[in-house]
Chemist: 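My structure is below; once you've seen it, I'll send some questions.
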Amino acid sequence: MDIKVFGHEFFYDITSMSMLFFPGEKVNFVNRSSNETHIISRLENKNNALKSITKIRFNGKWYLSQKTAGLDCDKKNLVKQTFYKACSKATGITSQWGILTGIRPMSVYERHRKAKDDLKSIMKTEYFLSDEKVSLLSDISAIQHNIINADAADVSVYVSIPFCPGKCSYCSFISVSAVNADALLQKYIEYLCKEIYSKSELIRRYGLNVKSLYIGGGTPGILNENQISTLMRILDSCFDLGAVEEVSFELGRPETITQKKLELLKAFNVDRICINVQTTNDDILSQINRNHTSDDYFNAVETAEKYGFKSINTDLIAGLPHETVDSFCRSVDDVINTGVNNITVHTLAIKRASALRDCRDNYNPKNFDVVKMLDYAYNKIRAENYVPYYIYRQKNCISNGENIGFCKPDSICKYNVYMMEDVHSVIACGSGASSKIIKNGRVSRVINVKYPIEYVKEYDKIVKNTETINRMLKADFCDE
Ligand SMILES: C[S@@+](CC[C@H](N)C(=O)[O-])C[C@H]1O[C@@H](n2cnc3c(N)ncnc32)[C@H](O)[C@@H]1O
Ligand code: SF4
């Protein structure tokens, strides 16, 4: 796909929008095009007004969209609006998310809510959102209000366990197979405890208040009982887990779960655990390289329910290869029937770094099966009294779908909201972990080395990151 741009530099936004209309096609920004299908995007300043014009040549015909607005308008939106309209006219493709690509929908919604704009009208006319998506954002916003209470001294803590029992075909998260990696995993835990301790010293030094703590992966359930005990002991001595409002442990794959591990987590005041299945279709579980069955999942949830955790979450993915609408709907029903009070519905995103990267057939904006799967899931889950409480979108999601966390009343995962909406700083430990220091709405990131092997061999880089965070917090919390 060749695109010629004049008068603006919104290359990233235009690339994300083209993926919507021309999935899988590589975008080339060119001065002149020899391709039959190409787009011209122009922004011009004329007579004290801005005019955006998009022309697209498609299947031998030209399609045009243009719009003029005042000089103080949002230029990026103006360019995206005519781009969307011209491409939509040419291809017949529309998106329920309109021009909201590559952006967190809640942050746009909240910005307009705080400005006291007419939300329904602005989301539809400026961003082209469907009524359904506006009402979804409105529901999520109402729920998030109850827990968002920004205090400069609040932080959350994230602990990364980037190890898995194997690699699922759709996944691009950086994680190491734990098979034959006992020594590395053991060493990783040792260094991780050091980092947790030094980061907790900063939290104490600056009088910060730990609102939530999340141990995520990868698959933290891969840790053996001794390693869980070591990790939870250091976390408890550093943060007093009983006093932290919410502690989550993403066990992950059901085959890693034992009664002893659940007992330990309960004893250390863990509130929320995740036992994920993605689909309850056993053939698909095996094809996507998850070496567990749906029965392993049902048994793990049944066992975990006896321990009285405040929340149990299960992740599902709509759109896995060979999944039919019927089999996905059955998965939704199966998960609801277990009684878990949190369900997170993901839409398959085709990740370049995953084994499914060449699965272009699935990556189709007109994949109406996925639309039907999501419709069924959202309606059924809501009918069972779960409410949507957080949302995020990823690139290359089939059918331009989204990921939504649902919970029963009083079982919201606060960490997910704090982290997704940048409510307060997150101090992150472990390889691949990214700390976010937030001051007056500005986010600065401090990113740890990616892989566990680098983490244990080059721990001095982690020490430097801790020093960087110390300097940032000192500037924010010490009046000198
Ligand atoms: C960081 S993963 C950790 C989950 C845990 N290791 C497990 O597999 O149970 C969190 C979730 O992201 C979702 N996920 C991962 N890759 C995805 C993709 N390519 N598209 C959609 N969802 C994806 C899955 O639902 C997964 O459970
Ligand atoms: S989905 Fe979970 S278990 Fe599978 S590779 Fe990704 S992080 Fe690991």
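Atoms within a ligand are numbered from 1 in the order they appear, just like the ligands themselves. Position 1 is the first residue of the sequence; numbering continues from there. On a predicted model such as this, the values are computed, not experimentally measured, just so you know.
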Chemist: Give a yes or no on whether a salt bridge exists between Glu454 and Lys461, defined as a side-chain N under 4.0 angstrom from a carboxylate O.
Modeler: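 Salt bridge between Glu454 and Lys461, a charged N being under 4.0 Å from a carboxylate O: no.
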Chemist: Any N or O on Glu250 sitting closer than 3.5 Å to an N or O of ligand 1?
Modeler: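 By distance alone, the answer is no.
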Chemist: Output the list of atoms in ligand 1 that are nearer than 4.0 Å to some heavy atom of Leu348, sorted by atom number.
Modeler: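 Going through ligand 1 atom by atom, the ones under 4.0 Å from Leu348 are 20 (N), 21 (C).
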Chemist: Would you say Val277 touches ligand 1, if touching means a heavy atom closer than 4.0 Å?
Modeler: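 Contact absent.
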Chemist: On the six-membered ring of Phe309, is Lys266 placed so that its NZ or CZ lies under 6.0 angstrom from the centre and within 45° of the ring axis?
Modeler: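 Yes.
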Chemist: Can you report which non-hydrogen protein atom sits closest to atom 22 (N) of ligand 1, along with the distance?
Modeler: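 Of the protein heavy atoms, His346 CB, 3.5 Å lies nearest.
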Chemist: How are the rings of Tyr392 and His346 set to each other: parallel, tilted or perpendicular (split at 30° and 60°)?
Modeler: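 Judged by the thresholds at 30° and 60°, the geometry between Tyr392 and His346 is perpendicular.
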Chemist: Of the protein's non-hydrogen atoms, which lies at the shortest distance from atom 5 (C) of ligand 1, and what is that distance?
Modeler: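 Minimum-distance protein heavy atom for atom 5 (C) of ligand 1 reads Gly218 O, 3.5 Å.
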Chemist: More than 12 heavy atoms of other residues, nucleotides or ligands under 6.0 Å from NZ of Lys187: is that the case?
Modeler: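 Count not over threshold, so no.
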Chemist: Please check if any side-chain donor atom of Asp333 sits under 3.5 Å from a side-chain acceptor atom of Tyr376, or the reverse.
Modeler: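 Checked: Asp333/Tyr376 side chains pair up, N/O donor to acceptor below 3.5 Å.
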Chemist: Quick one, Leu374 with Thr347, criterion side-chain contact (heavy atoms from CB on, under 4.5 Å). Give me CA distance, side-chain angles, the key distance, then yes/no.
Modeler: CA-CA 8 Å; Leu374 295 175; Thr347 307; 3.6 Å; yes
Chemist: Apply the side chain to side chain contact (heavy atoms under 4.5 Å, CB included) test between Thr468 and each candidate in Leu473, Val446, Ile437; give the one that qualifies.
Modeler: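 The option that passes is Val446.
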Chemist: Could you tell me whether Lys199 and Glu195 have a side-chain N and a carboxylate O separated by less than 4.0 Å?
Modeler: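 The answer is yes: the pair qualifies as a salt bridge.
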Chemist: Give the contacting part of Thr344 toward ligand 1: side chain, backbone, both or neither, where contact means a heavy-atom distance below 4.0 Å.
Modeler: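 Near ligand 1, Thr344 shows nothing, with every heavy atom at 4.0 Å or more.
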Chemist: Any atom of ligand 1 sitting under 4.0 Å from a heavy atom of Cys164?
Modeler: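 False for this residue.
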Chemist: Which ligand 1 atoms are under 4.0 Å away from a heavy-atom of Gly217?
Modeler: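 Here the atoms of ligand 1 in question are 1 (C).
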Chemist: Side chains of Tyr127 and His112: do they bring a donor and an acceptor to under 3.5 Å?
Modeler: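 Yes.
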Chemist: Do Arg113 and Glu110 sit within salt-bridge range, that is, some charged N less than 4.0 Å from a carboxylate O?
Modeler: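 A salt bridge links Arg113 with Glu110.
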Chemist: Measure the distance from atom 24 (C) of ligand 1 to every protein heavy atom, then report the residue, atom name and distance (to 0.1 Å) of the closest one.
Modeler: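 Result for atom 24 (C) of ligand 1: Gln278 OE1, 3.5 Å.
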Chemist: Out of Ile317, Thr314, Asn313, who gets a non-hydrogen atom closest to atom 23 (C) of ligand 1?
Modeler: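 That would be Ile317.
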Chemist: Short list, please: which atoms of ligand 1 are under 4.0 Å from a heavy atom of Ala349?
Modeler: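 Reading through ligand 1 atom by atom, the close ones are 18 (C), 19 (N), 20 (N), 21 (C).
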Chemist: Any idea which atoms of ligand 1 are less than 4.0 Å away from a heavy-atom of Thr219?
Modeler: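 In order of number, 6 (N).
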Chemist: Which atoms from ligand 1 have a heavy atom of Asp315 less than 4.0 Å away?
Modeler: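 Ligand 1 atoms under the 4.0 Å threshold to Asp315: 10 (C), 11 (C), 25 (O), 26 (C), 27 (O).
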Chemist: Should the pair Arg290-Asp296 be classified as a salt bridge under the 4.0 Å nitrogen-to-oxygen rule?
Modeler: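 Salt bridge absent between Arg290 and Asp296.
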Chemist: Do Lys351 and Gln394 get their side chains close enough for a donor-acceptor pair, meaning under 3.5 Å?
Modeler: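 On atom types as modelled, these side chains qualify, holding a pair under 3.5 Å.
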Chemist: Look at atom 2 (S) of ligand 1 and say which protein heavy atom is nearest, naming residue and atom and giving the distance to 0.1 Å.
Modeler: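 In this structure, atom 2 (S) of ligand 1 has Phe173 CE1, 3.9 Å as its nearest protein heavy atom.
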Chemist: Please round to the nearest 0.5 Å and tell me the distance separating atom NE2 of His424 and atom CE of Met419.
Modeler: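 If we round to the nearest 0.5 Å, His424:NE2 and Met419:CE are 10.5 Å apart.
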Chemist: For Glu402, run the salt bridge (charged side-chain N to carboxylate O under 4.0 Å, His left out) check against Arg393, Lys395, Lys133 and tell me which one passes.
Modeler: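 Among Arg393, Lys395, Lys133, the one that satisfies the salt bridge (charged side-chain N to carboxylate O under 4.0 Å, His left out) with Glu402 is Lys133.
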Chemist: Show all protein N/O/S atoms under 2.8 Å from atom 6 (Fe) of ligand 2, or state that there are none.
Modeler: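 You should have found Cys171 SG.
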Chemist: Tell me: protein heavy atom nearest atom 9 (O) of ligand 1, and distance?
Modeler: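 The closest one turns out to be Asn276 ND2, 2.9 Å.
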Chemist: Closest non-hydrogen protein atom to atom 17 (C) of ligand 1, residue and atom name please, with distance?
Modeler: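 Checked against all protein heavy atoms, atom 17 (C) of ligand 1 sits closest to Tyr170 CD1, 3.6 Å.
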